[in-house]
**Q** 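After the structure tokens below, expect a handful of questions from me.
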Amino acid sequence: MATDSGLKRKVVILGSPSVGKTSITQQFTTPPTYNEAYYPTIESTSTRTVKYKGKDYEVEIVDTAGQDEFSLFPPKYAIGVHGYMLVYSIASRQSFEMITTLHEKILDQGGLEKVPCVIVGQKSDLANERRVTKAEGDALAKKLGAAFIESSARDNQNVDGAFDALLGEMQREYNPEPEKKKSSWWPWS
Ligand SMILES: Nc1nc2c(ncn2[C@@H]2O[C@H](COP(=O)(O)OP(=O)(O)OP(=O)(O)O)[C@@H](O)[C@H]2O)c(=O)[nH]1
């Protein structure tokens, strides 16, 4: 896990193979980009500067190889990382179930109790092949203390929204809003 490092954020994208991790990353860093062809990723890092609440953040994004329940969690994905995007496909139950496993691995590896996270239900355009409801995604995110969004890299739907949600989670962790001054009982004080 990382400490607050000013206006830089390092995020790692994790999920089962072929859920659209590379597609969502490319659509975010070099829009508009979408590739119908599937090329399995080994690992790839890209950056984009984004404005969040009036400040420019340099976001470094590590797009990882698809994981299954037997994959080892590389320790480098726990060091210096500010937040995680956990991606599944709404058309794959198995990829949805991997989210809980991945979340556990992140906490175990970092020795953490919580971590800034967004859960992304990708391929929302595949409505006829849906195997995971929005309510299930939402409930899992609540259980894991994460943000939740459904997106389509193909249609460029909610791609920026997914990263924005993660920035929000990281902001809460590293730059919490100062507590609002409690209103005084005395109206004149
Ligand atoms: N229908 C649909 N297909 C998508 C979407 N995003 C990605 N795909 C397709 O799904 C396949 C896998 O996409 P990738 O982005 O390579 O998936 P990945 O999760 O990076 O895959 P790994 O490298 O194996 O981990 C490709 O054929 C994409 O064109 C989407 O939003 N909708």
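Ligands are counted one by one from 1 in listed order, and the atoms in each one are counted from 1 as well.
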**Q** For Q122, counting its heavy atoms only, list the atoms of ligand 1 lying under 4.0 Å from any of them.
**A**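 Every atom of ligand 1 under 4.0 Å from some heavy atom of Q122: 5 (C), 6 (N), 30 (C), 31 (O).
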**Q** Looking only at protein heavy atoms, which one is nearest to atom 17 (O) of ligand 1, and what is the separation?
**A**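 The protein heavy atom lying closest is G20 N, 3.1 Å.
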**Q** What I'd like to find out is whether the side chain of M170 reaches to under 4.5 Å of the side chain of L167, using heavy atoms alone.
**A**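 Touching, per the 4.5 Å side-chain cut-off.
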**Q** Test your reading of the structure: does P17 have an N or O sitting under 3.5 Å from an N or O of ligand 1?
**A**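 In fact, backbone or side chain, P17 has no N or O that close.
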**Q** Nearest to atom 31 (O) of ligand 1, what protein heavy atom do you find, and at what distance?
**A**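 Looking only at protein heavy atoms, the one closest to atom 31 (O) of ligand 1 is A153 N, 2.9 Å.
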**Q** Among S23, S16, S44, which residue places a heavy atom closest to atom 7 (C) of ligand 1?
**A**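 Ranked by closest heavy atom to atom 7 (C) of ligand 1, first place is S23.
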**Q** For Y57 and Y52, take the angle between the two ring planes, folded into 0 to 90°, and tell me which bin it lands in: parallel under 30, tilted 30 to 60, perpendicular over 60.
**A**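 Answer is perpendicular, since the angle exceeds 60°.
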**Q** Salt bridge between E58 and R48, side-chain N to carboxylate O under 4.0 Å?
**A**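 The answer is no: the pair does not qualify as a salt bridge.
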**Q** L126 versus ligand 1: do any nitrogen or oxygen atoms come within less than 3.5 Å of each other?
**A**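 No, there is no polar N/O contact under 3.5 Å.
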**Q** Look at R131 together with E136 and state whether they make a salt bridge at an N to O cut-off of under 4.0 Å.
**A**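 E136 and R131: not salt-bridged.
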**Q** Among all protein non-hydrogen atoms, which one is nearest to atom 29 (O) of ligand 1, and what is the separation to 0.1 Å?
**A**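 Going by distance alone, atom 29 (O) of ligand 1 is nearest to N35 O, 2.6 Å.
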**Q** Do any nitrogen or oxygen atoms of K123 come within less than 3.5 Å of a nitrogen or oxygen of ligand 1?
**A**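 Between K123 and ligand 1 (N or O atoms, distance only) the closest approach is under 3.5 Å.
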**Q** Between the side chains of E69 and K105, is the shortest nitrogen-to-carboxylate-oxygen separation below 4.0 Å, so that they form an ion pair?
**A**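 Judged by the 4.0 Å cut-off on N to carboxylate O distance, K105 and E69 do not form a salt bridge.
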**Q** Does the distance from a Lys or Arg side-chain N to an Asp or Glu carboxylate O, for K134 and D138, drop under 4.0 Å?
**A**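 No, no charged N to carboxylate O under 4.0 Å.
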**Q** Less than 4.5 Å apart, any side-chain heavy atom of T101 and any of Q67?
**A**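 No - every pair of side-chain heavy atoms lies 4.5 Å or more apart.
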**Q** Ignoring angles and geometry beyond distance, decide whether G66 reaches within less than 3.5 Å of ligand 1 through its nitrogen or oxygen atoms.
**A**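 So ligand 1 has an N or O lying under 3.5 Å from an N or O of G66.
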**Q** Tell me the closest heavy-atom pair linking V118 and F148, and the distance in Å.
**A**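 Shortest heavy-atom contact: CG2-N, 4.3 Å.
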**Q** Considering heavy atoms of the protein only, find what lies nearest to atom 32 (N) of ligand 1 and give residue, atom and distance to 0.1 Å.
**A**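 Heavy-atom neighbour on the protein nearest atom 32 (N) of ligand 1: D125 OD1, 2.8 Å.
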**Q** For atom 19 (O) of ligand 1, which candidate among R154, K21, E36 provides the closest heavy atom?
**A**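 Nearest option to atom 19 (O) of ligand 1, by heavy atoms: K21.
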**Q** Which residue supplies the protein heavy atom nearest to atom 24 (O) of ligand 1, what is that atom called, and how far is it?
**A**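 Ranking protein heavy atoms by distance from atom 24 (O) of ligand 1, first comes Y38 OH, 2.4 Å.
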**Q** Write out the residue and atom name of the closest protein heavy atom to atom 3 (N) of ligand 1, then the distance separating them to 0.1 Å.
**A**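 Result for atom 3 (N) of ligand 1: Y34 OH, 3.1 Å.
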**Q** Could D63 and K21 be called an ion pair, given the rule that one side-chain N must be under 4.0 Å from one carboxylate O?
**A**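 Salt bridge absent between D63 and K21.
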**Q** Any idea which protein heavy atom is nearest atom 21 (O) of ligand 1, and the distance to it?
**A**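 The answer is S18 N, 3.0 Å.
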**Q** Does an N or O from A65, backbone or side chain, lie closer than 3.5 Å to an N or O of ligand 1?
**A**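 Between A65 and ligand 1 (N or O atoms, distance only) the closest approach is not under 3.5 Å.
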